[in-house]
Amino acid sequence: MFLNPIFKSLCRFSYMKKNFSYENLQDVEIITRDYWGSLRNILKSFSNHKINLTDIEALKLSRTHKGQNIVVKLTFEKVEDKKYNELIFDLQQRYDQILINNDMAVPMVPWYPRTDEDLKTIGTIMEVNEENNQDHPQFKDLEYRKRREEIAKLSQAHLIGEPVPYINYTEQEEQTWKKIYSILREKVNLVMSQRYLNNLVKIEQALGFKYKIPQLRDIDAYLRAETGFRIKATHGILSQREFLNALGHRVFCCTQYIRHHSTPEYTPEPDIVHELVGHVPLFADKEVADLSQEIGILSCGAKKQDLARLGTLYWFTLEFGAYKENGLIKGYGAGIASSIGECDHFPKAKYEKFDPFIHADRSYPIQTVQPTYMYTESFDEAMQSLIIFGKSLQKPFGLYYDFIDKELKSTRRIKTHLNDQ
C-alpha cells in the first residue's frame, strides 16, 4: 500500500551479488638499487618477452649506508605458462629479491558490477532509506499506489540487454505529462544552458516529447546511437552505490511511472518526468555522458566515505550544476530542468564557485529547492575539476571500461567484499 521507511524488493530471478577475485592479472615485485635507468632496465625485460603491463608502482625504501633501494611492483596481463616462466627466470637472473603474486598484498574492495551479467543484480535486493513526504497524494492515493506498483513490477523485471518494457500509459497519465511538459518547456528556455536546450530540441524532433510520454525503449535506442548510453528500467530509488556503479557501464537506471496528477508541479520521488526532461538531454551529450561514466567508474570499489563524497559531487553537478554562458549563469543539472520550483527559484538563488575538494563534504536539502547552486566558468572546468578530484581518491587499483567486452577491467589484482552494499 504505502512505501515503508525501508523499501525492500526482490527480482523475478535470484541474481545475487557474488564476491570475485580479479585473476586475469599477475604481479611481480622487484627490489633493486635506485640508479639512472633502473626502471628502464626492468621494463626492457617485459618488452623482450612481449608482455603488456597494466600498472607500475615504484617506491623508495629507507636509505642506508649501502645506498638507496626501490621496490617496483609491476602488474601485467596473464600469459601462457611458457612465456611467464621465461620472464620470471630472466628476472631472477638479474635481481636478487623478487616476490611473485603476493596474495597478502591483494586489496579487498567493495563489490561492484564488472560485466553486463553483474548488472542484473542492480535493484534485486534493495534497502534504501526513504526521506520522501509520506503525506503527499503520491503516497496516500491507493488507486495511484496500485497503478505505480503495476508499472514498477514491469520495470523491475527488466534486465540489461533485453528490450525495455512497453508501458501502455492511461489518458490521465498522458494528460499529466502534457501539462507538466508544456510548463517546463517554457521555463527551461529561461534558465538552462544552450548545451542542454540543443539536445532537448533534437530529442523532441526525434521522439515527439511534446505530444506523449516517450517509451524508454525508444529513449534507449536514441541514446545508444548518440553517446552509447543505455537504459535500465528500475522500479524506484536505488542505493547510491548501485546507481553510480551503473553509470560506470554507461547505464542509466530510469523509472517509468509518472507523478500524481493532482500535483504535476512537484514529485517527492524521481519519476519519468525527472528522468526524461532532466537527465536524458544530458546523457545525449557526449561530454556529459563521458563525465557521468567517469564519476561512475570512480564509484566502483570506492570506500563508503568516498562513495558518499562522489554522490554529493554528482548532486552539485549533474543534478543541480550550473556554469557561465555568455556572461550569465545557466543551469545544466537534471534537478533544475525537471522542476518548476527549481526553475522559478534559480534566477534569484545564491551561487557559489564550485570546488570539489570543498563541496564534496557539503550537506544539501532533498525535499526543498536548493538554497545555493554551484557553478563553474565553463562546463569543461567542471569536468576537469572532477577528474582532478577523482585522482586524489586513494583507491588501491585503477579501472577502465572495455567497450568491446563491455567490462570494467582492473589494472591490479583485487578481491571484493559485500560489507558496504
Side-chain angles (χ1 to χ4, degrees), residues 19-115 118 248-249 290 293-294 297-298 300-303 306 387-388 390-417:
N19 283 322
F20 62 84
S21 298
Y22 201 87
E23 300 295 346
N24 295 329
L25 302 173
Q26 295 170 304
D27 51 59
V28 173
E29 294 181 32
I30 300 170
I31 296 179
T32 182
R33 287 186 302 108
D34 185 15
Y35 60 90
W36 183 86
S38 57
L39 182 58
R40 181 188 62 186
N41 289 336
I42 293 174
L43 297 179
K44 188 175 180 180
S45 294
F46 284 83
S47 176
N48 289 341
H49 294 281
K50 298 181 179 179
I51 293 177
N52 292 325
L53 291 167
T54 63
D55 192 85
I56 303 172
E57 180 181 14
L59 297 172
K60 286 190 175 184
L61 299 177
S62 297
R63 188 177 183 183
T64 68
H65 66 279
K66 294 182 180 180
Q68 178 75 63
N69 282 352
I70 59 171
V71 57
V72 182
K73 183 174 181 179
L74 304 108
T75 306
F76 53 97
E77 297 172 356
K78 265 194 173 180
V79 294
E80 59 189 41
D81 290 344
K82 182 176 183 295
K83 184 182 285 191
Y84 175 76
N85 292 333
E86 289 174 349
L87 169 70
I88 299 303
F89 179 78
D90 183 11
L91 294 174
Q92 288 173 338
Q93 300 306 302
R94 297 169 181 266
Y95 306 100
D96 293 330
Q97 299 183 67
I98 295 179
L99 187 59
I100 303 167
N101 289 335
N102 179 14
D103 289 335
M104 295 293 292
V106 177
M108 292 281 291
V109 303
W111 183 93
Y112 64 89
R114 285 187 302 168
T115 64
D118 290 339
H249 290 262
D290 289 345
Q293 185 177 28
E294 181 69 22
I297 290 175
L298 288 172
C300 291
K303 295 180 293 186
D306 287 338
I387 289 171
I388 292 171
K391 290 179 179 178
S392 73
L393 297 180
Q394 298 300 308
K395 287 177 67 173
F397 68 109
L399 275 179
Y400 65 96
Y401 188 73
D402 188 321
F403 283 88
I404 304 301
D405 294 340
K406 286 189 171 58
E407 179 181 351
L408 279 171
K409 294 185 176 180
S410 174
T411 60
R412 293 189 181 181
R413 290 198 301 150
I414 57 171
K415 295 179 180 179
T416 64
H417 64 78

For the residue pair T54 and N52, establish whether any side-chain heavy-atom pair is separated by less than 4.5 Å. no

Any non-hydrogen side-chain atom of Y84 less than 4.5 Å from a side-chain atom of I51? no

Least distance between heavy atoms, Y95 atom then S38 atom: OH-O, 4.5 Å

Closest non-hydrogen atoms of L399 and F397, given as atom of the first, atom of the second and distance, are CG-CE1, 3.4 Å

With side chains defined as the heavy atoms from C-beta onward, is the minimum distance between N41 and Y35 less than 4.5 Å? yes

Determine, for R413 against D27, whether the closest basic-nitrogen to carboxylate-oxygen distance falls under 4.0 angstrom. yes

Kindly check if the number of other-residue, nucleotide or ligand heavy atoms within 6.0 Å of NZ (K83) is above 12? yes

What are the two closest non-hydrogen atoms of L408 and G248, and how far apart are they? CD2-O, 4.0 Å

Heavy-atom pair with the smallest gap, counting every atom of S45 and L87: O-CD1, 4.1 Å

List the residues meeting ring pair (Phe, Tyr, Trp, His ring centres under 6.0 Å) with Y401, not counting sequence neighbours, and say none if there are none. H249, F403

Side chain of D306, backbone of A302: donor and acceptor closer than 3.5 Å? no

Do the side chains of H417 and P110 get nearer than 4.5 Å, heavy atoms only? yes

Are Y400 and T411 close enough that some pair of their side-chain heavy atoms sits under 4.5 Å apart? yes

So, using side-chain hydrogen bond (donor to acceptor under 3.5 Å, both in side chains) as the criterion, who are the partners of D34 when residues are at least two apart? none

When you measure from the side chain of Q394 to the backbone N and O of S392, does any donor-acceptor pair fall under 3.5 Å? yes

Taking D405 for the side chain and E407 for the main chain, is one N or O donor matched with an acceptor at less than 3.5 Å? no

Quick test of your reading of the model: are D90 and R94 salt-bridged, counting only N-O distances below 4.0 Å? yes

Check whether any side-chain N or O of K395 sits under 3.5 Å from a backbone N or O of L298 as a donor-acceptor pair, and report yes or no. yes

Contact between L59 and I70 at the side-chain level, heavy atoms closer than 4.5 Å - yes or no? no

Within the structure provided, determine whether T32 and N69 are in side-chain contact (heavy-atom separation under 4.5 Å). no

Can you find a heavy atom in the side chain of L99 that is under 4.5 Å from one in the side chain of V28? no

